[in-house]
2 protein chains.
Amino acid sequence: MQKNDNIYPAGLYSFQDECLKLLTGVLNVSKAATYLVDSQRKPICYKTWQLQPAMHRQYMDTFYKLDPLHPTQFVEQADISVVKMNDLVNTQERYDHPYYRDFVSPWGVQDIVELFLRVDNQLIAGFALFTSKQQPEMRMEDIRKANQLHQFMQFSLEQSLAAPKHSQFQVFCDQYQLTPKERMVVELVSQGLPNKSIASGLDCSLATVKTHLQHIFTKTGVNSKTEIASLLYNLH
Amino acid sequence: MQKNDNIYPAGLYSFQDECLKLLTGVLNVSKAATYLVDSQRKPICYKTWQLQPAMHRQYMDTFYKLDPLHPTQFVEQADISVVKMNDLVNTQERYDHPYYRDFVSPWGVQDIVELFLRVDNQLIAGFALFTSKQQPEMRMEDIRKANQLHQFMQFSLEQSLAAPKHSQFQVFCDQYQLTPKERMVVELVSQGLPNKSIASGLDCSLATVKTHLQHIFTKTGVNSKTEIASLLYNLH
DNA sequence: GAAGGTATCAACCAGAAGGTTGATATAGGG
DNA sequence: CCCTATATCAACCTTCTGGTTGATACCTTC
């Protein structure tokens, strides 16, 4: 577990931002979301675009369990990278199933396309693109574009992970032997986020974040988040 | 005032550290100190080496006024860069004057050599090197070495100010039109220092630091020191 | 000399962050 | 099977930070 994780998914904060901008800028979607997949295969670090906070909360609280596009469904299928919901689930099912009846449909969503990014066959990030009932149905052409974008994002991801900035982050984390979750905390700290945001980013409690921070502080020998950010960018 | 100061002395935190290490490592001194000179020609951002905190406090509280090597004595004399106290002040004076009788001598100091760094003829940093009464008197050879080191430090300073890292700092400060003192605060924030340390570094009260921070927060549109550090190293 | 920018400091408050202890659960190695 | 490492969370307390208001002083510039 540690082995697979000491590179991913930490260090991808701005990568997510840029990808989301790209997708929503090029494709005709009404809402979008992105997340990273942690070592326990749990989606964390959600970032959304024009997606109602209440809808996201509903998903996180309840409906993620029923999601046919949930990343856990695709961790093993390394060949699947772009999935269209309405292709995966037939029309009848979409009428019967509570996921569509009680969640997808009420929020005015017509279809969802999910993009997965992998490194070494391991799923590490995902993107959900929503079209609304007011929009025209998604066509082959749109899916082709999505595949095109996916391909470039996959390329860009590998570049990002090889960049000096990223390796600097790795050097720091390796130097102090931080655990995967601790690395994620450091990543979010380095973005200047308050603990509350870090907690919601990692989908855990404030208490857990504080515990992680305490461990990071002891390992690195500092005593504030600002100092962490400073250390990170002033490696000796 | 603004004009002369929007480059210096901010951004020299690690430069000071390295210089102090160099001087104390190469020259045979018992204590040392370094400082930056701000726009009001006041020494700030002291860093010391083997110098008793109590001695430093005494100097800062009282004796700085009597110091014949005090930087204000040399702001105008752009040709003077390395000064030896015992050459500047004759033996008799050193017996009579309270600065030596009540401060220098009681702390076991035999001689002091001061080095000044300038940019555009403006004094921006100083180094004080102390020899103790237990050490042999400083000779011509030592002064030659000090001059040699000074020359390189002067070169290195110019390099540092031209380095990408420094210009990044400048870009940030210019972008948000920060005042000289605000820039100093940002510099110390970027080192991860708590407000109390920033206050003592700038030789002002905690309240002043907080006011500076509030202004920086409004100008940059953030609301925490960690975010400042993050912004600084993640310029868009 | 009035106005604006800068630098200084005080007092106050609410909320965030840091520090500690202790507890639970789970995965993996020996 | 036990031990360790990891991840999770709660409760508590202290200290630090952020936000606000208001005041003084100095220096330019108009």
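Lettering follows sequence order; numbering is per chain, from 1. All values below come from the heavy atoms of this structure, side chains included, with hydrogens, waters and symmetry mates left out.
- For Asn195(A), a side-chain nitrogen or oxygen approaches OP1 or OP2 of dA17(C) to under 4.0 Å.
- Within residues 218-225 of chain B, the residues having any heavy atom under 4.0 Å from DNA chain D are, by residue number, Asn223(B), Ser224(B), Lys225(B).
- Between the C1' atom of dG5(C) and the NZ atom of Lys181(B) lies a distance of 15 Å, rounded to the nearest Å.
- By the ring pair (Phe, Tyr, Trp, His ring centres under 6.0 Å) test, Tyr64(B) is found to be paired with no residue, residues two or more places apart in sequence or in another chain being considered.
- OP1 or OP2 of dC9(D) lies within a sub-4.0 Å distance of a side-chain N or O belonging to Thr208(A).
- For the OP1/OP2 pair of dG18(D) and a distance below 4.0 Å, the side-chain nitrogens and oxygens of Gln214(B) include no atom meeting the criterion.
- Taking 4.0 angstrom as the limit, Lys210(B) places none of its side-chain polar atoms (N or O) nearer than this to OP1 or OP2 of dG19(D).
- Using five terminal pairs a side, the axes of the helix from dG1(C)-dC30(D) to dG30(C)-dC1(D) at its two ends make an angle of 40°, given in steps of 10 degrees.
- Closest to the His212(B) side chain, of the nucleotides dA17(C), dT8(C), dG18(D), is dT8(C).
- Remark: Lys47(B) is positioned above the aromatic ring of Tyr13(B), its terminal NZ or CZ atom under 6.0 angstrom from the ring centre and at most 45 degrees off the axis.
- A perpendicular orientation is assigned to the rings of Tyr100(B) and His97(B), their planes being inclined by more than 60° (bins at 30° and 60°).
- To the nearest 0.5 Å, atom OG1 of residue Thr208(B) and atom CG of residue Leu202(B) are 9.5 Å apart.
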Ring pair (Phe, Tyr, Trp, His ring centres under 6.0 Å) assessment of Phe103(B) paired with Tyr99(B): CA-CA 5 Å; Phe103(B) 178 67; Tyr99(B) 184 68; 5.5 Å; yes

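- Checking dG18(D), dA7(C), dC9(C) against the side-chain heavy atoms of Cys204(B) singles out dC9(C) as nearest.
- Between the side chains of Tyr59(A) and Asp67(A), at least one donor N or O lies within less than 3.5 Å of an accepting N or O.
- Residue Leu193(A) is the one, among Leu193(A) and Thr211(A), whose nearest nucleotide of DNA chain C lies closer to the 5' end (criterion: closest heavy atom).
- Of all nucleotides listed (dG18(C), dC16(D), dA10(D)), dA10(D) comes nearest to the side chain of Ala207(A).
- Of the candidates dG19(D), dG18(C), dA7(D), the closest approach to any side-chain atom of Phe217(A) belongs to dG18(C).
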